[in-house]
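Down below is the structure, laid out as structure tokens.
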Amino acid sequence: MKVALLKAKVADEIRDRIVVGALSLGQRVSDKDLACELRISRTPVREALLQLQAEGLVVMRHRSGTFVFDLSPEELKDICDLRGVFETAAVRLGAVIHPERMVSGLATRIAEAAAAFESEDFALCEQLDTAFHETLIELSGNKYLIESYRTISDKVRALRSRLPQTRERISNAITQHRRIVDLIALGRSQAATDEINTHVRNVHHLLLASVRQEAA
């Protein structure tokens, strides 16, 4: 396998582990251990880690090693605030340019999540929660907004995987998603953005508690 392809494959593997929570926030990542586990040389692993450092998913510390990213309470608030900025902007743009397409696309994600909830497949619900928010961004129709959001999307996915998979929380999320779409369908974009801001604040509080618990 060519070096570039192998590096990309290893980067995908490590990224997936971070996103799903198999690697904890702040956990040390050993290029030697990964190379042994994946049965490859350390060179593509090191190159993959350099790529992930550029993406902000790992941090390399001189004489200490490589670690999964971690966020202080202030940094966690900053990323949640930025996510709110992106998503409210997406509503303002998409609801004006293609409101029917936005409503249809988001409603599909909600229907899928509701079906998964009925089947008690909460892991799939979490994936569809992520899909709802990323679909919202995609349907903004603004390529610069979409590209900018991608700079934090993997961190947002990783943080969301730390949320408690409780029936009550997932039910509340689906209900709130449905309300956001209903408000967009009614042409009440300001109310929809207010609802998104409330949703993001709720997630921020839950994440703060979850990240502190993981650190402990």
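The first residue in the sequence is number 1, and the count goes up from there.
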**OP:** Take Glu87 and Val91 through the side chain to side chain contact (heavy atoms under 4.5 Å, CB included) test and state the conclusion after the steps.
**Re:** CA-CA 6 Å; Glu87 293 192 13; Val91 168; 6.0 Å; no
Original post:
Can you check side chain to side chain contact (heavy atoms under 4.5 Å, CB included) on Val29 and Leu34, steps first, answer last?
Top reply: CA-CA 8 Å; Val29 181; Leu34 281 168; 3.4 Å; yes
**OP:** Under the side chain to side chain contact (heavy atoms under 4.5 Å, CB included) rule, what do Leu25 and Phe69 come out as? Steps first, then yes or no, please.
**Re:** CA-CA 6 Å; Leu25 300 183; Phe69 81 97; 3.8 Å; yes
**OP:** Start with the C-alpha gap between His204 and His199, add the side-chain angles, then the distance that decides, and say whether ring pair (Phe, Tyr, Trp, His ring centres under 6.0 Å) holds.
**Re:** CA-CA 9 Å; His204 171 232; His199 183 65; over 10 Å; no
**OP:** Would you sort out whether Cys80 and Leu207 count as a side chain to side chain contact (heavy atoms under 4.5 Å, CB included), showing the intermediate values?
**Re:** CA-CA 10 Å; Cys80 287; Leu207 280 172; 4.1 Å; yes
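Side-chain atoms of Glu47 and Gln51 include no donor-acceptor pair closer than 3.5 Å. Judged purely by distance below 3.5 Å, without hydrogens or angles, the side chains of Arg109 and Thr135 pair a donor atom with an acceptor atom. Using modelled atom types and a 3.5 Å distance limit, the side chains of Asn172 and Gln176 yield no donor-acceptor pair. Between the side chains of Glu168 and Ser171, no donor-acceptor pair of N or O atoms lies under 3.5 Å. Neither side chain, Arg92 nor Ser189, offers a donor N or O lying under 3.5 Å from an acceptor on the other. Side-chain atoms of Glu126 and Gln165 include no donor-acceptor pair closer than 3.5 Å.
A pairwise comparison of heavy atoms in Asn197 and Thr88 identifies OD1-CG2, 3.6 Å as the closest pair. Listed here is the closest heavy atom pair of Ile184 and Ala192: CG1-CB, 3.8 Å. The nearest pair of heavy atoms linking Leu206 to Arg169 is CD1-CD, 3.6 Å. Taking both residues in full, the closest heavy atoms of Pro44 and Lys7 are given as O-CG, 4.0 Å, listed atom of the first, atom of the second, then distance. Nearest heavy atom pair, residue Ala35 against residue Arg42, reads CB-CG, 3.7 Å. When all heavy atoms of Ser161 and Val20 are compared, the pair lying nearest together is OG-C, 3.8 Å.
The closest donor-acceptor contact from the side chain of Ser104 to the backbone of Arg101 lies at 3.5 Å or more, if one exists at all. In this structure, Thr198 contributes its side chain and Asp194 its backbone to a donor-acceptor pair below 3.5 Å. Side-chain N or O atoms of Ser24 include none that pairs as donor or acceptor with a backbone N or O of Gln27 at under 3.5 Å. Listed for the Ser119 side chain is a donor-acceptor partner under 3.5 Å among the backbone atoms of Ala115. Remark: side-chain polar atoms of Gln53 are not paired, donor with acceptor, to backbone N or O of Leu50 under 3.5 angstrom. No side-chain donor-acceptor contact under 3.5 Å links Arg179 to the backbone of Thr175.
Side-chain heavy atoms closer than 4.5 Å link hydrophobic residues (I, L, V, M, F, W, Y) into clusters, and following such links, even through other members, never connects Ile137 to Ile196. In terms of hydrophobic clustering, with Ile, Leu, Val, Met, Phe, Trp and Tyr side chains grouped at heavy-atom distances under 4.5 Å, Leu71 and Met60 are assigned to a common cluster. Residue Leu145 is not grouped with residue Leu106 when hydrophobic side chains (ILVMFWY) are merged at heavy-atom distances under 4.5 angstrom, including chains of intermediate members. Leu136 and Leu128 are members of different hydrophobic clusters when ILVMFWY side chains are connected at heavy-atom separations under 4.5 Å. If you chain together hydrophobic residues whose side chains sit under 4.5 Å apart, Ile152 and Leu208 fall into the same group.
In this structure, the side chains of Val68 and Leu57 stay at 4.5 Å or more apart for every pair of heavy atoms. The shortest distance between side-chain heavy atoms of Ile174 and Phe117 falls below 4.5 Å.
To the nearest 0.5 Å, atoms CG (Asp31) and CG (Leu38) are separated by 11.5 Å. Atoms CD and NZ, on Glu138 and Lys143 in that order, are 13.5 Å from each other to the nearest 0.5 Å. Interatomic distance, CG of Leu163 versus CZ of Arg160, reported as 7.5 Å (0.5 Å rounding). To the nearest 0.5 Å, atoms CD1 (Ile97) and CG (Asn142) are separated by 7.5 Å. Distance CG/Leu49 to CD/Glu55: 11.0 Å, rounded to 0.5 Å. From Lys77, atom NZ reaches atom NE2 of His205 across 9.5 Å, with rounding to the nearest 0.5 Å.
Ring geometry for Phe132 versus His177: interplanar angle under 30°, hence parallel rather than tilted (30 to 60°).
Ion pair Lys9/Asp12 not flagged as a salt bridge, since none of the NZ, NE, NH1 or NH2 atoms sits closer than 4.0 Å to an Asp/Glu carboxylate oxygen. A salt bridge links Arg17 with Glu13: at least one charged nitrogen is closer than 4.0 Å to a carboxylate oxygen. A salt bridge does not link Glu134 to Arg83: none of the charged nitrogens lies less than 4.0 Å from a carboxylate oxygen. A salt bridge is absent between Asp182 and Arg178; no separation between the charged side-chain nitrogens and carboxylate oxygens falls under 4.0 Å.
Stacking of Arg167 on the aromatic ring of Phe122 is not recorded, the 6.0 Å distance cut-off and the 45° axial limit not both being met.
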